[in-house]
Structure formats: structure tokens, C-alpha cells
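The structure under discussion appears below in the form of C-alpha cells.
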Amino acid sequence: MRAKYKKEVGLTLLFAVILVATIIVVAFFRRHNVAILEPRGTIAHQERNLMLVALLLCAIVVIPVFALTILIALKYREGNTKKKHYSPNWEGGRWMEVTWWGIPFAIIFVLAIITWNSSYNLDPYKALASNNKTMRIQVVSLDWKWLFIYPDQNIATVNYVRFPVNTPVNFEITSDSVMNSFWIPNLGGQIYAMPGMSTDLNLMASKAGAYSGSSANISGQGFSDMDFTATASSKQDFKTWLSSVKKSTASLSENTYSKLAKPSLHNQIAYYSSVKSGLYDQIVDRYMGPMAQMPGMHGEGQ
């Protein structure tokens with residue numbers, strides 16, 4: 001009687017712990033905005049769904065394994081005087097063998113198909129389908145700030161990027177320092193910014209708003225404050241903002257850029273009404289060929 005009572009108490013406590021843990025997790029996600037779970041763009045939405053599908057498929061294996069582990073530990077514990085006969089040399093059970101080998105195989109097969117399709121559909125270099133013309137924005141990772149160049153609008157910004165909602169944006173990304181990583185969690189996954197290379201990332205915001213962007217790769221002393229704001233707005237609001245940037249008295253010349261490329265912390269938002277032609281390509285070329293060996297051609301490192 002006492003053993004049965006202890007078993008019931010143990011099971012009750014176990015279920016109580018699981019219930020409390022579940023409530024805490026649900027409450028946390030309801031009170032906190034987890035960017036990757038709050039997609040505001042077409043790519044981010046697909047990535048969120050992909051993560052949830054993969055999680056559910058894994059749960060089909062993980063949950064039964066943990067449940068059986070707890071059940072077996074309770075059933076065959078030393079204090080259980082009513083445990084059934086133990087057969088260590090038990091053979092047979094063809095259907096059981098098929099079950100515990102077949103289910104993981106089926107899950108891996110499904111995951112392989114999903115991985116194959118998503119690798120193509122979510123290719124960061126793949127242009128996004130839209131009735132609106134794709135906007136080009138060139139991104140340069142510096143110590144410790146982000147420079148955004150609009151080649152078609154001939155403007156530039158620091159630690160702030162803006163684009164119209166429902167408009168595909170092609171980010172061309174490089175670094176004028178160490179390797180870094182460009183990330184706007186609400187809109188899509190991260191991609192590396194590397195000196196001497198130019199990587200592409202295609203994103204599109206489906207809802208207007210201001211979204212946090214950051215560096216997802218440790219790059220030195222100012223890494224933790226290497227943040228920026230990405231704002232998706234209506235086309236009219238974007239045109240108004242563009243006009244205001246054009247009124248700025250600052251221009252991004254070669255001399256201005258040399259000063260900007262020097263390491264600095266806690267950088268404020270800055271606007272440039274014009275940009276030296278071909279600046280982005282020059283930054284990429286600095287790390288390629290004989291020019292990479294010339295003194296003064298690199299932004300200073302940490």
C-alpha cells in the first residue's frame with residue numbers, strides 16, 4: 001500500500017513539474033517578443049514555419065523516448081515489488097522492430113525532402129517574386145557600425161536602413177574589416193559579411209514597422225552595440241524620407257569614408273546626401289590582388 005502511494009505521489013509530482021514548466025514557457029513567449037517567431041517578411045515567415053515543422057517532427061521521436069525513459073525507470077525501480085518478469089534475452093517482436101526503426105527512418109526521409117526544397121526556396125541569392133521593382137542596397141560592415149549605400153538613389157546612411165513595404169530588397173553585403181554577419185531577425189536569416197567578397201541577401205517586408213538589426217558574429221570590442229534599425233514604410237513615406245536625406249549637408253567622399261571606417265563605439269545614425277561613385281566596389285577590391293598589400297588601403301582592425 002505504501003509503495004503504491006509513493007508511486008502515485010511521484011507521478012503526480014512529475015506531471016506537476018511538467019505542467020509548471022509548460023506554463024512558464026508559454027507565459028515567457030506571450031510576454032516577450034522573440035523576433036524569429038514574429039515574422040514580418042515573406043522569408044522570415046517561411047523560415048519560422050520550417051523551424052516549427054522540424055521541431056514537430058523531432059518531437060515525434062523525442063517525446064516518446066523521454067516518456068518511455070520515465071516509465072521504465074518507475075516500472076523497474078528497485079522498490080517496485082510488482083514489476084513484471086524481466087527478459088534480457090527476449091527475441092522477436094517483428095512489428096516492434098519495424099516501428100522503432102521505421103518511424104525515425106520516415107522522419108529523416110521527410111526532413112530530407114523538406115531540406116532539399118527549402119534550400120532552394122530560401123536561397124538568399126534568389127530574387128523574390130513581386131510586382132514591385134527590386135531595390136538595391138549595399139551594406140558595408142565596419143568597426144563597429146553598419147554603412148548602407150543606396151546606389152540608385154545616391155545616398156548613404158549609418159546604422160539605419162529604410163525601404164518600402166512589399167518591395168523586394170537586394171542587399172549586397174561586404175566588410176571593410178573582419179568577418180561579420182548581417183541579420184534582421186523579423187525579416188529573414190543572417191548572412192556573412194566578408195572582406196574582399198560580396199554576398200547577397202534578398203528580403204521583403206510584408207508589414208510596415210521598425211525592426212531591429214544586428215551583427216550576429218562576434219567582431220571585437222564594439223560588437224555588442226553594433227545594432228541598426230530597419231524601417232519598412234509606405235512608398236510615400238519612403239519618398240518623403242529620401243527627400244529629407246537629400247537635404248543633408250554631409251556627403252560620403254573618399255576622405256569622409258576613411259574617417260568613418262576607423263573603429264568607433266556607440267555610433268549614432270548619420271545621413272549622407274551623396275556618395276562617391278563606385279565606393280562599394282572599391283571597398284571590395286581593396287582586399288583582392290596587389291591592392292590588398294598597399295598600406296592604408298584597409299579600414300583599421302581592432
Side-chain angles (χ1 to χ4, degrees), residues 29-56 114-141 145-153 155-175 180-193 198-217 226-242 245 269 280:
F29 284 111
R30 287 180 63 88
R31 293 175 61 90
H32 296 80
N33 178 23
V34 181
I36 59 174
L37 299 179
E38 298 289 338
R40 294 295 183 266
T42 55
I43 297 298
H45 186 77
Q46 294 179 63
E47 290 177 341
R48 192 275 307 271
N49 291 345
L50 179 62
M51 287 189 292
L52 293 179
V53 169
L55 180 64
L56 290 174
I114 293 174
T115 301
W116 178 279
N117 291 329
S118 60
S119 295
Y120 172 76
N121 294 330
L122 297 175
D123 181 359
Y125 282 75
K126 184 181 178 181
L128 301 179
S130 174
N131 294 326
N132 296 317
K133 182 181 178 181
T134 299
M135 173 178 287
R136 284 199 308 146
I137 300 178
Q138 297 168 334
V139 184
V140 183
S141 166
K145 50 198 165 283
W146 293 97
L147 170 65
F148 298 94
I149 301 173
Y150 293 70
D152 299 324
Q153 290 76 23
I155 65 167
T157 62
V158 173
N159 285 346
Y160 184 81
V161 61
R162 193 181 186 108
F163 40 82
V165 70
N166 293 321
T167 297
V169 181
N170 173 235
F171 291 99
E172 301 173 38
I173 305 167
T174 191
S175 173
N180 221 302
S181 183
F182 178 80
W183 191 25
I184 309 175
N186 288 109
L187 301 184
Q190 61 87 25
I191 194 165
Y192 285 111
S198 181
T199 53
D200 281 24
L201 179 64
N202 287 277
L203 300 175
M204 181 166 61
S206 55
K207 293 184 179 180
Y211 308 115
S212 297
S214 65
S215 165
N217 191 78
M226 196 171 170
D227 302 321
F228 64 92
T229 299
T231 299
S233 62
S234 66
K235 289 185 178 180
Q236 185 57 47
D237 287 344
F238 176 77
K239 290 180 179 179
T240 302
W241 173 80
L242 186 61
V245 175
I269 294 174
Y280 179 84

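We use all heavy atoms of the structure for the numbers below, so side chains are in, but hydrogens, waters and symmetry mates are not.
- Here the closest non-hydrogen pair linking Leu201 and Ile173 is CB-CD1, 4.0 Å.
- The environment of Asp152 atom CG is dense: over 12 non-hydrogen atoms of other residues, nucleotides or ligands sit within 6.0 angstrom.
- Ala232 and Lys207 make their closest contact through CB-O, 3.9 Å (heavy atoms, listed as atom of the first residue, atom of the second, distance).
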Next item on the list: Could you please spell out the steps behind the side chain to side chain contact (heavy atoms under 4.5 Å, CB included) verdict for Asn180 and Met226?
Entry: CA-CA 10 Å; Asn180 221 302; Met226 196 171 170; 3.4 Å; yes

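- Looking only at atom types and distance, the side chain of Ser181 has a donor-acceptor partner in the side chain of Gln190 under 3.5 Å away.
- For Glu47 (side chain) and Gly189 (main-chain N/O), a donor-acceptor pair under 3.5 Å exists by modelled atom type.
- Distance alone, capped at 3.5 Å, is enough to place a donor-acceptor pair between the Thr199 side chain and the Tyr192 backbone.
- The CD1 atom of Ile191 lies 9.0 Å from the CG atom of Asn202; values are rounded to the nearest 0.5 Å.
- Using modelled atom types, one side-chain atom of Asn132 and one backbone atom of Asn166 make a donor-acceptor pair closer than 3.5 Å.
- Val53 is listed as a side-chain neighbour of Ile114, based on a closest heavy-atom distance under 4.5 Å.
- Going from atom CD of Glu172 over to atom CD1 of Ile137 covers 10.0 Å, rounded to the nearest 0.5 Å.
- Within the 4.5 Å cutoff, side-chain heavy atoms of Leu128 are placed close to those of Ile43.
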Item checked: side chain to side chain contact (heavy atoms under 4.5 Å, CB included) assessment of Leu50 paired with Leu122 -> CA-CA 10 Å; Leu50 179 62; Leu122 297 175; 4.1 Å; yes

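- Separation of atoms CG (Leu203) and CG (Asn186) is listed at 11.0 Å; rounding is to 0.5 Å.
- Between Leu147 and Val158, the shortest heavy-atom distance links the atoms CD1-CG2, 4.2 Å.
- With 3.5 Å as the limit, one finds no donor-acceptor pair spanning the side chains of Ser118 and Asn121.
- Between the side chain of Trp183 and the backbone N or O of Gly188, at least one donor-acceptor pair lies under 3.5 Å.
- For Tyr160 and Trp146, the ring centers are positioned 6.0 Å apart or more.
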Next item on the list: Take Asp237 and Ser234, measure what side-chain hydrogen bond (donor to acceptor under 3.5 Å, both in side chains) needs, and give me the verdict at the end.
Entry: CA-CA 5 Å; Asp237 287 344; Ser234 66; 3.2 Å; yes

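- The closest side-chain donor-acceptor pair between Ser198 and Tyr280 falls under 3.5 angstrom.
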Next item on the list: May I have the step-by-step check of side chain to side chain contact (heavy atoms under 4.5 Å, CB included) for Thr134 and Thr167, ending in yes or no?
Entry: CA-CA 6 Å; Thr134 299; Thr167 297; over 6 Å; no

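- Centroid-to-centroid, the aromatic rings of Phe148 and Phe228 come within less than 6.0 Å.
- What you find for Ala230 and Ile184 is that their closest heavy atoms are CB-CD1, 3.8 Å.
- For the atom pair Lys126 NZ and Tyr120 OH, the distance stands at 4.0 Å (nearest 0.5 Å).
- In this structure, the side chain of Asp227 does not engage the main chain of Ser214 through any donor-acceptor pair within 3.5 Å.
- To the nearest 0.5 Å, atoms CE (Met135) and OH (Tyr150) are separated by 7.0 Å.
- Of all heavy-atom pairs spanning Arg48 and Pro39, the tightest one is NH1-CD, 3.7 Å.
- Taking the side chain as every heavy atom from C-beta outward, Phe163 and Trp241 never approach each other to under 4.5 Å.
- Once rounded to the nearest 0.5 Å, the distance linking OG1 of Thr42 with CG of Leu187 reads 8.5 Å.
- Checked by atom type, the side-chain pair Ser206/Arg40 shows no donor-acceptor distance below 3.5 Å.
- Of all non-hydrogen atoms in Ser175 and Ala193, the two that sit nearest each other are CB-O, 3.6 Å.
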